[in-house]
Amino acid sequence: MTSRTIVIAGAGIGGLTAALALAARGFRVTIFEKAERLEEAGAGLQLAPNASRILVGLGLAPALAPHVVTPDSVSIRTARSGGEVIRVSLAASARPDAPYWLVHRADLQGALQAAVQSHPAIELRLATPVPDARAGRDGLVIGDTEAGALIGADGAWSKVRAAAFPDIQPQFSGLIAWRGTCDAASLPQSLRPTGVQLWMGPQAHLVIYPMSAGQRINLVAIVGGAPLPPGSNAPGAGDELDALFSRARWPSSARDTIAAVNQWSRWPLYTIPDGGAWHSGRVALLGDAAHAMLPFAAQGAAMAIEDAAVLAQSLCTTRDDRGIPAALAHYAALRMPRVTRVQRIARQQGRIYHLHGPMALARDSAMRLLGPQRLTARQDWIYDWKL
Ligand SMILES: Cc1cc2nc3c(=O)[nH]c(=O)nc-3n(C[C@H](O)[C@H](O)[C@H](O)COP(=O)(O)OP(=O)(O)OC[C@H]3O[C@@H](n4cnc5c(N)ncnc54)[C@H](O)[C@@H]3O)c2cc1C
């Protein structure tokens with residue numbers, strides 16, 4: 001039956017997770033991926049409990065466990081004084097079946113790819129851009145494959161979205177993420193982070209955390225900048241970043257950690273406006289293709305992973321080919337309110353982190369007044385999500 005075969009465009013975190021979730025529900029899956037090899041930029045990823053719960057459920061914990069770091073807190077610091085404003089517990093939200101993980105992207109992508117390639121119901125075609133889809137007798141014809149549905153998990157510059165919804169375009173946020181890593185051993189003991197550090201500064205912020213079983217440190221510095229070509233990952237000169245995180249504005253501990261990185265890359269932050277269309281007939285979008293967001297809630301990949309689980313659940317309720325468009329509509333209706341709320345929170349957090357002058361002082365006081373417990377509780381609706 002055509003409806004038991006699903007084509008996915010894109011083998012990123014969203015597409016690979018969707019393939020595993022669909023195969024676990026009895027579907028056959030073909031993934032078209034334009035890249036020859038799945039290699040993520042050398043960078044880290046925070047995987048919150050709402051995402052790790054799904055990956056654990058798909059059986060990925062043994063492959064990931066040797067590589068992850070499980071932090072117990074986020075230390076929120078201010079560039080103004082160099083001190084800690086507040087420490088938010090992550091241990092409180094994490095569960096054995098839903099840990100908070102810090103992971104190198106290559107380790108996550110490697111674990112997902114290995115699981116996909118060893119699954120008899122999934123075919124991964126590398127170096128193969130997704131062909132155009134046309135209507136077939138019972139479903140869609142995509143290249144040589146007949147399928148009940150086409151899922152666009154092909155990222156912010158999605159070809160599937162461009163074909164289905166040409167009016168929806170990524171928008172440049174005016175912000176650039178500088179990404180770099182260094183060996184933990186290259187930092188003095190006093191600078192080695194054990195959990196997540198979030199440094200808030202004037203019109204910039206910095207996130208630092210360990211990954212690769214504590215051997216490597218991940219740094220992301222967010223600053224304003226001119227748009228780079230879409231989807232690019234351009235090299236960045238350390239001198240330029242040093243000037244942006246100047247001695248006058250940033251404490252030596254943050255600057256010394258930045259200086260330990262040998263190679264920076266710059267990633268322009270584009271977003272997909274919220275509230276747009278996600279599905280049409282037998283075509284649906286997932287992950288960044290549907291909702292690329294600012295990374296300030298550390299939830300973009302997590303939302304793609306949640307999308308994957310909900311998509312598989314929605315599709316498995318269909319009895320025959322004719323039920324697929326309704327199942328995709330159901331998927332989109334279930335996902336959009338939650339994802340839109342997360343997109344908004346990410347934007348709001350960016351504004352809060354980048355305050356300066358008296359507003360930064362007021363922010364720091366407000367955070368202290370709120371206290372760690374109430375700050376932690378504000379994340380519960382995100383982290384406690386279950387299928
Ligand atoms: C600086 C930064 C930090 C972040 N930190 C976090 C974090 O801590 N936690 C978190 O949850 N999220 C984080 N994110 C967000 C996260 O990286 C993304 O949301 C996530 O990677 C999106 O996955 P995806 O599979 O939807 O898309 P992508 O990763 O973009 O994958 C799309 C895939 O589709 C392929 N493709 C594209 N076009 C075609 C085509 N025509 N045919 C076939 N294949 C195609 C691409 O080659 C790619 O493999 C961060 C993002 C940034 C920029």
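All residue numbers in this chain count up from 1 along the given sequence. Whatever order the structure lists them in is the order used to number ligands and atoms, beginning at 1.
Close approach to G287 involves these atoms of ligand 1, each under 4.0 Å from a residue heavy atom: 26 (O). The contact set between ligand 1 and D288, taken as ligand atoms under 4.0 Å from a residue heavy atom, comprises 18 (C), 19 (O), 22 (C), 26 (O). Every atom of ligand 1 is numbered from 1 in the order shown, and the set under 4.0 Å from a heavy atom of G155 is 27 (O), 30 (O), 32 (C). With ligand atoms numbered from 1 in the order given, ligand 1 contributes 1 (C) to contacts under 4.0 Å with heavy atoms of A177. In the vicinity of F32, heavy-atom distances shorter than 4.0 Å reach the ligand 1 atoms 43 (C), 44 (N). In the vicinity of P129, heavy-atom distances shorter than 4.0 Å reach the ligand 1 atoms 42 (N), 43 (C). For ligand 1 and G12, the ligand atoms under 4.0 Å from any heavy atom of the residue are 25 (O), 31 (O), 33 (C), 49 (O). Contact atoms of ligand 1 toward A153: 32 (C), 33 (C), 34 (O) (distance under 4.0 Å to a heavy atom of the residue).
In terms of heavy atoms, A177 sits closest to I222 at CB-CD1, 3.7 Å. Scanning all heavy atoms of the two residues, the minimum distance from Q299 to A48 falls at NE2-CB, 3.3 Å. Taking all atoms of both residues into account, the shortest heavy-atom contact from L285 to A277 is CD1-O, 4.0 Å.
In the candidate list E36, M293, M303, K34, K34 is nearest to atom 45 (C) of ligand 1, counting heavy atoms. Here the shortest heavy-atom distance to atom 13 (C) of ligand 1, taken over L47, L112, L45, belongs to L45.
Remark: ligand 1 and R105 share an N or O pair separated by less than 3.5 Å (distance only, no angle test). Checked against a 3.5 angstrom limit, the closest N/O atoms of A302 and ligand 1 fall inside it. For ligand 1, the polar-atom distance check finds no N/O of L269 at less than 3.5 Å from any of the ligand's N/O atoms. At least one N or O atom of I13, backbone or side chain, sits closer than 3.5 Å to an N or O atom of ligand 1. Annotation: V130 places an N or O atom under 3.5 Å from an N or O atom of ligand 1; distance criterion only. Between W267 and ligand 1, a contact under 3.5 Å exists for no N or O pair. Between G14 and ligand 1, at least one N/O pair is under 3.5 Å apart. Checked against a 3.5 angstrom limit, the closest N/O atoms of R179 and ligand 1 fall outside it. Remark: ligand 1 and A298 share an N or O pair separated by less than 3.5 Å (distance only, no angle test). At least one N/O-N/O distance between Q46 and ligand 1 falls below 3.5 Å.
Within a 6.0 Å radius of CD in E84, other residues, nucleotides and ligands contribute more than 12 heavy atoms.
Note on D132 versus K159: salt bridge recorded, some NZ/NE/NH1/NH2 to OD/OE distance being below 4.0 Å. Between D107 and R216 there is no salt bridge, since no side-chain N of the basic residue sits under 4.0 Å from a carboxylate O of the acidic one.
Residues H67 and W101 form no side-chain contact, since every pair of their non-hydrogen atoms from C-beta on lies 4.5 Å or further apart. For the pair V88/Q379, no side-chain contact is recorded, criterion being any heavy-atom separation below 4.5 Å from C-beta on. Side-chain contact between D138 and E146 is absent, with no heavy-atom pair separated by less than 4.5 Å. In this structure, the side chains of L198 and H205 come closer than 4.5 Å at one or more pairs of heavy atoms.
Below 30°, between 30° and 60°, or above 60°: for W199 and W250 the angle between ring planes is between 30° and 60°, a tilted geometry.
Of the heavy atoms in A301, both backbone and side-chain atoms come closer than 4.0 Å to ligand 1. For A289, no heavy-atom contact with ligand 1 is shorter than 4.0 Å. Here K159 has side-chain heavy atoms under 4.0 Å from ligand 1, and that is the only part of it that gets that close.
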Next item on the list: Please assess F165 against I272 for the test side-chain contact (heavy atoms from CB on, under 4.5 Å), listing each intermediate value before the final yes or no.
Entry: CA-CA 12 Å; F165 313 108; I272 300 294; over 6 Å; no

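For the residue pair R192 / Q189, a side-chain donor-acceptor distance below 3.5 Å is found, with atom types taken as modelled.
A distance of 5.0 Å separates CZ of R25 from CD of Q313, quoted to the nearest 0.5 Å.
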